[in-house]
There are 2 protein chains.
Amino acid sequence: MVGDVFAADCRARIAFEVLANRWDSVVVFILGESGPMRPRAMLDRIGGISPKVLNQALRRLEYNGLVRRHRYAEAPPRVDYSLTEAGTALIGPIRAMGAWAAVYGDAVVSARDRADGL
Amino acid sequence: MVGDVFAADCRARIAFEVLANRWDSVVVFILGESGPMRPRAMLDRIGGISPKVLNQALRRLEYNGLVRRHRYAEAPPRVDYSLTEAGTALIGPIRAMGAWAAVYGDAVVSARDRADGL
DNA sequence: CTGTATCCCTTACGATACTG
DNA sequence: CAGTATCGTAAGGGATACAG
């Protein structure tokens, strides 16, 4: 039943709000794959994202309770981020999306090209 | 392995690009649940979305090859939208996200309240 | 009923430079 | 290295009015 997810109070729509941007799902994904990571490593891992934007994504994820920040009191500032329980539970659905992309990614590109060609 | 999804050519990131906005995943979801629908019905089904924004979402989805538009040559304009094969294949992952929200939605709200309270 | 056209607002994004 | 500040751009969203 649809109501299960789209209750009148709209609370269940949070699933689609939380990741409704370009990078958050990517960050959750790599944290799920690689475990706790430092921002520098994430920047290397993800191509095409600036330090500032990555930080924005991490703050959003932290705000939503999907990511946790660890600060180590060391001379060169050291920090890493890890998934919370809620964040960890999300990597299943996200990997399912990744699997979908592996199958239908080309179809999407083709559809775009076709639409642009008109 | 991570590379499976995040190849160097970044093509696999399409999974996260395609639904990186507020409404597209919602539209795919309800089309998957209810089958082909007319815009009017979708507006009623989804609360808090204007006709214009719904149309924008539908055009994006059509552009990405997830949704197909059917036009019936009738006096009062009649139209409905249905999922393509790629779109249909996406409802599984999306429902998984919905299931996640059913479990962790409250946790997200709590995390936000806690963050706002500081 | 469908879809488009404005207008305005908000937010993400991107590049750069700078502080702790 | 981590994070912030600032600037500018682009796109989505919301409301309304209007056209096919």
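Below, read A as the first sequence line, B as the second, and so on, with proteins coming before strands; counting in each chain starts at 1. Only a predicted model underlies this, so the values are computations on that prediction, with no experimental measurement involved.
Atom C1' of nucleotide dT2(C) and atom CG of Asp44(B) are separated by 14 Å, given to the nearest angstrom. For the pair Glu17(A) CD and dT11(C) P, the computed distance is 13 Å after rounding to whole Å. Counting to the nearest Å, the C1' atom of dC1(C) and the NE2 atom of His70(B) are 18 Å from each other. One atom, CZ of Arg40(A), and another, P of dA2(D), lie 7 Å apart when rounded to the nearest Å. Taking atom CE of Met37(B) as the reference point, atom C1' of dC1(C) lies 15 Å away to the nearest angstrom. Distance CD (Glu74(A)) to P (dG3(D)): 13 Å, rounded to an integer number of Å. Atoms CG (Leu54(A)) and C1' (dC1(D)) sit 13 Å apart, rounded to a whole Å.
Between the side chains of Tyr104(B) and Glu85(A), a donor-acceptor pair is found at a separation under 3.5 Å.
Heavy atoms of Tyr72(B) sit nowhere under 4.0 angstrom from any nucleic acid atom. In this structure, Arg38(A) reaches the sugar-phosphate backbone alone: every heavy-atom distance under 4.0 Å involves primed, P, OP1 or OP2 atoms, never a base.
The shortest distance between side-chain heavy atoms of Pro36(B) and His70(B) does not fall below 4.5 Å. Val27(A) places a side-chain heavy atom less than 4.5 Å from the side chain of Leu31(A).
Across all their heavy atoms, Leu43(A) and Ile49(A) have their closest contact at CD2-O, 3.6 Å. The two residues Val108(A) and Ile14(B) make their nearest non-hydrogen contact at CG1-CG2, 3.7 Å.
The phosphate of dG3(D) has neither OP1 nor OP2 within less than 4.0 Å of any side-chain N or O from Arg71(A). The phosphate of dT2(C) (OP1 or OP2) has no side-chain N or O of Tyr81(B) nearer than 4.0 angstrom.
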* **Under 4.0 Å protein heavy-atom contact, by nucleotide of nucleotides 4-20 of chain D - B base, S sugar-phosphate only** => BBB-----SBBB----B
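Trp23(B) places no side-chain N or O within 3.5 Å of a backbone atom of Gln56(B) that could act as its donor or acceptor partner.
Salt-bridge annotation for Arg40(A) and Asp44(A): present, with a side-chain N of the basic residue lying under 4.0 Å from a carboxylate O of the acidic one.
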